[in-house]
Amino acid sequence: MNIATTSDGDRYAGKHLNQVRHRHRRLRAKLQKKGTKSAKRLLRKLSGREARFAADTNHRIAKQLVTEAQRTCRGIALEDLGGIRDRVRLRKPQRVTLHSWSFAQLGAFVSYKAALAGVAVVFVDPRHTSQECSRCHHISRSNRPDQSTFHCTSCGFAEHADVNAGCNLANAVKRPGQ
Ligand SMILES: [Zn+2]
């Protein structure tokens with residue numbers, strides 16, 4: 001799972017994050033099955049730990065994104081939140097993980113830190129970033145043969161789907177208001 005992708009192709013989060021979250025989920029399932037008083041207490045503790053982990057991760061990602069944008073004199077484009085979920089089709093266990101990730105919080109942290117740093121932020125329609133060709137701007141669902149692939153049916157441009165989406169976001173920063 002990638003939480004964020006830049007137009008340079010840098011991806012944030014991923015493997016370590018998923019490992020931690022899978023570990024948390026397994027533990028949670030075990031505790032829920034147990035159902036005892038002490039299990040319930042542990043569950044509460046665990047959800048607090050998970051929330052802190054998510055917040056720490058989001059803070060770290062937001063800081064890196066804003067610092068990099070500031071350093072390279074660029075803006076930041078964020079996808080509309082529902083769109084990230086619609087865009088990503090995953091097997092069920094992963095879908096649960098992704099849905100419970102607080103993209104809203106990440107968006108809020110990025111907006112806040114960007115405002116402090118004087119970095120511009122624009123919000124864009126997620127359907128465009130996932131289905132639009134970043135080279136010729138042709139928008140089609142068939143540009144996405146699978147989850148990770150972008151292949152333009154009009155001009156033939158091919159790239160990792162996240163990288164193509166990142167380029168569309170970068171274009172949105174260059175042409176604000178679109
Ligand atoms: Zn194209």
Side-chain angles (χ1 to χ4, degrees), residues 1-18 21 54 57-58 60-115 117-178:
M1 169 176 85
N2 298 312
I3 300 278
T5 306
T6 70
S7 53
D8 299 334
D10 296 331
R11 291 182 209 143
Y12 290 86
K15 212 174 167 191
H16 167 70
L17 188 62
N18 275 341
R21 310 201 80 220
T57 305
N58 278 339
R60 197 165 43 78
I61 294 171
K63 194 178 170 200
Q64 282 174 6
L65 286 171
V66 171
T67 303
E68 185 61 14
Q70 193 177 30
R71 193 180 67 78
T72 55
C73 298
R74 286 185 289 187
I76 294 173
L78 291 172
E79 286 194 332
D80 234 317
L81 305 168
I84 292 173
R85 296 171 188 188
D86 293 340
R87 173 160 80 81
V88 179
R89 287 190 207 99
L90 298 168
R91 282 177 291 123
K92 211 180 170 199
Q94 286 175 304
R95 196 179 296 153
V96 172
T97 312
L98 192 61
H99 273 207
S100 56
W101 190 259
S102 40
F103 286 106
Q105 185 185 60
L106 177 61
F109 288 175
V110 168
S111 305
Y112 170 74
K113 288 182 203 295
V119 169
V121 175
V122 293
F123 289 86
V124 295
D125 186 333
R127 278 169 304 178
H128 288 207
T129 61
S130 64
Q131 293 176 13
E132 181 178 344
C133 174
S134 61
R135 186 189 280 170
C136 77
H137 306 298
H138 172 64
I139 300 171
S140 168
R141 190 178 284 214
S142 26
N143 287 346
R144 293 289 306 279
D146 63 59
Q147 163 59 27
S148 62
T149 312
F150 183 90
H151 194 164
C152 180
T153 54
S154 175
C155 76
F157 176 68
E159 183 49 279
H160 190 289
D162 287 344
V163 175
N164 179 67
C167 291
N168 283 331
L169 293 173
N171 289 338
V173 177
K174 286 180 211 143
R175 316 167 275 163
Q178 279 190 19

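Note that ligands are numbered from 1 as they come in the structure, with each ligand's atoms numbered from 1 the same way. Computed from a prediction, not measured in an experiment: that's the story for all the values here.
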Practice problem: Report the distance from atom CG of N164 to atom SG of C133, rounding to the nearest 0.5 Å. | Solution: 6.0 Å

Quiz item: What pair of heavy atoms forms the shortest contact from L106 to A62, and how long is it?
Solution: CD1-N, 4.1 Å

Contacts table for residues 150-157: side-chain donor-acceptor under 3.5 angstrom, sequence neighbours left out:
{"residue": "T153", "atom": "OG1", "partner": "H138", "partner atom": "NE2", "Å": "3.3"}
{"residue": "T153", "atom": "OG1", "partner": "N143", "partner atom": "OD1", "Å": "3.1"}

Quiz prompt | OG1-CD distance between T149 and Q147, expressed to the nearest 0.5 angstrom | solution = 9.0 Å

Quiz item: N168 side chain to E132 main-chain N or O, any donor-acceptor pair under 3.5 Å?
Solution: yes

Practice problem: Enumerate the protein N/O/S atoms at a distance below 2.8 Å from the Zn ion (ligand 1), ignoring waters. | Solution: C133 SG, C136 SG, C152 SG, C155 SG

Practice problem: Search all heavy atoms of A114 against all heavy atoms of V66 and return the closest pair with its distance. | Solution: N-CG2, 3.8 Å

